[in-house]
Amino acid sequence: MAHVLKVLFILFIVKPLVFIGLGLNIIQRQNLPVNGPVVVAANHNSHLDTLVLLALFPISIVHKVRPVAAADYFLANKIVAWLSLNVIGIIPLRRSPSPSQREAVLQECHQALAQGDILIIFPEGSRGEPETMSGIKKGIYHLVKDHEGCPVIPVVMRGLGRSLPRGTAMFVPFNCDVVIGEPVSHFDDASDFVDTMQARYHELAKHCITQTSSEN
């Protein structure tokens with residue numbers, strides 16, 4: 001039943017919002033994964049980020065896509081919490097969690113990857129300023145190193161921080177880019193993960209149409 005609800009929600013609410021409400025440019029879409037286990041690691045400027053990434057996936061596999069999302073927003077009230085947990089299927093992440101809460105989140109992520117799911121994770125940990133990427137945390141490395149053959153796919157999104165600015169609930173139609181990078185299947189260690197992903201994000205940002213247009 002939860003799978004059916006998720007498909008209907010994505011098909012009739014999320015996809016129209018994203019593809020009609022936004023001017024969305026999807027670049028290198030061929031790199032979008034079609035099965036798991038895999039981690040999609042995107043920059044984070046807006047609460048729209050999760051919905052946009054969900055909308056990119058075909059309906060046939062969207063039930064396998066699990067966002068790791070901030071509990072303080074997606075569990076803010078009973079209605080949003082019910083939708084987030086039972087329809088979208090998020091793995092709630094609490095800021096500054098206790099060791100037991102952190103372990104519970106990691107365990108659920110491990111279980112999701114073990115059953116072939118696609119995880120959406122924001123390696124910055126929280127939303128940054130529009131068009132600015134904060135430091136990358138090492139948590140994804142410690143997750144994927146225990147899953148042989150689980151790649152990480154870097155994604156850069158630009159413009160969403162202007163469509164739904166931080167600290168406001170006002171939606172502003174804005175031209176937005178999503179650039180999907182090639183999968184990275186090996187990291188030597190946590191430091192190599194940070195260096196490699198930062199380099200990938202920098203290269204992907206060069207493909208953004210919105211960035212190029214705003215600079216001309």
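No hydrogens, no waters, no symmetry mates; every other heavy atom, side chains included, goes into these values.
Scanning all heavy atoms of the two residues, the minimum distance from Ala42 to Phe122 falls at O-CD2, 3.3 Å. When all heavy atoms are compared, the tightest approach of Ile90 to Arg66 is O-NH2, 3.6 Å. The minimum heavy-atom distance between Pro151 and Pro183, with the atom names listed, is CB-CB, 3.8 Å. Between Leu53 and Phe57, the shortest heavy-atom contact is O-CD1, 3.1 Å. Closest of all the heavy-atom pairs between Val155 and Tyr201 is O-CE2, 3.5 Å. Residue Asn31 comes nearest to Glu182 through the heavy atom pair ND2-N, 3.6 Å, listed as atom of the first residue, atom of the second, then distance.
Lys138 places no side-chain N or O within 3.5 Å of a backbone atom of Ala190 that could act as its donor or acceptor partner. The main-chain N or O of Gly135 is never found under 3.5 Å from a side-chain atom of Glu124 such that the two would form a donor-acceptor pair. Of the possible polar contacts, none joining the Asp192 side chain to the Phe187 backbone as a donor-acceptor pair under 3.5 Å is found. Put simply, the side chain of Ser185 never gets that close to the backbone of Gly149: no donor and acceptor are under 3.5 Å apart. Using a distance-only test at 3.5 Å, with no hydrogens or angles considered, no donor-acceptor pair links the side chain of Lys6 to the main chain of Gly89. In terms of modelled atom types and a separation under 3.5 Å, the side chain of Lys15 and the main chain of Ala55 share a donor-acceptor contact.
Both Ile88 and Phe19 sit in one connected hydrophobic cluster of ILVMFWY residues. Membership requires side-chain heavy atoms under 4.5 Å apart, directly or through other members. A continuous path of Ile, Leu, Val, Met, Phe, Trp and Tyr side chains, each step under 4.5 Å between heavy atoms, connects Leu22 with Val14, placing both in one hydrophobic cluster. Connection of Leu54 to Ile13 is established within a shared hydrophobic cluster, with ILVMFWY side chains joined at heavy-atom distances below 4.5 Å, either directly or through further cluster members. One hydrophobic cluster holds both Ile61 and Val18 under the rule that ILVMFWY side chains link at heavy-atom gaps under 4.5 Å. Two different hydrophobic clusters hold Ile20 and Leu11 under the rule that ILVMFWY side chains link at heavy-atom gaps under 4.5 Å.
Taken from CZ in Arg158 to CD1 in Ile27, the straight-line distance is 10.5 Å, to the nearest 0.5 Å. With values rounded to the nearest 0.5 angstrom, Cys176 atom SG is found 6.5 Å from Leu24 atom CG. Note that SG of Cys150 and CG of Leu119 are 7.5 Å apart. Values are rounded to the nearest 0.5 Å. We find the CG-CG distance between Asp177 and Asn25 to be 4.5 Å, quoted to the nearest 0.5 Å. Distance check: Leu113 CG to Leu143 CG gives 5.0 Å after rounding to the nearest 0.5 Å. Summarising the geometry, atom CE belonging to Met197 is positioned 6.0 Å from atom CD1 belonging to Ile136; distances are rounded to the nearest 0.5 Å.
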After noting the C-alpha distance and the side-chain angles of Val39 and Ile153, does the key distance pass the side-chain contact (heavy atoms from CB on, under 4.5 Å) rule?
CA-CA 6 Å; Val39 172; Ile153 297 180; over 6 Å; no
Carefully, step by step, assess Val62 and Val7 under the rule side-chain contact (heavy atoms from CB on, under 4.5 Å).
CA-CA 7 Å; Val62 75; Val7 167; 4.1 Å; yes
Take Phe193 and Val184, measure what side-chain contact (heavy atoms from CB on, under 4.5 Å) needs, and give me the verdict at the end.
CA-CA 9 Å; Phe193 167 80; Val184 185; over 6 Å; no
Under the side-chain contact (heavy atoms from CB on, under 4.5 Å) criterion, do Met157 and His44 qualify, and how do the steps go?
CA-CA 8 Å; Met157 297 182 285; His44 194 23; 6.0 Å; no
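Here the side chains of Leu160 and Asn45 are not in contact, with every heavy-atom distance at 4.5 Å or above. Counting heavy atoms from C-beta on, the side chains of Ile120 and Val65 come closer than 4.5 Å. Under the 4.5 Å side-chain criterion, counting only non-hydrogen atoms from C-beta, Leu75 is not in contact with Val80. The closest side-chain heavy-atom distance from Ile180 to Leu56 is below 4.5 Å. In this structure, Leu85 and Pro92 have side chains that are in contact, with non-hydrogen atoms separated by less than 4.5 Å.
Remark: Glu203 engages Lys206 in a salt bridge (Lys or Arg N to Asp or Glu O under 4.0 Å) (not counting sequence neighbours).
Among residue pairs with one or both ends in residues 109-122, those qualifying as salt bridge (Lys or Arg N to Asp or Glu O under 4.0 Å) are Lys64-Asp117; sequence neighbours excluded.
Within a 6.0 Å sphere centred on NE2 of His110, other residues, nucleotides and ligands contribute more than 12 heavy atoms.
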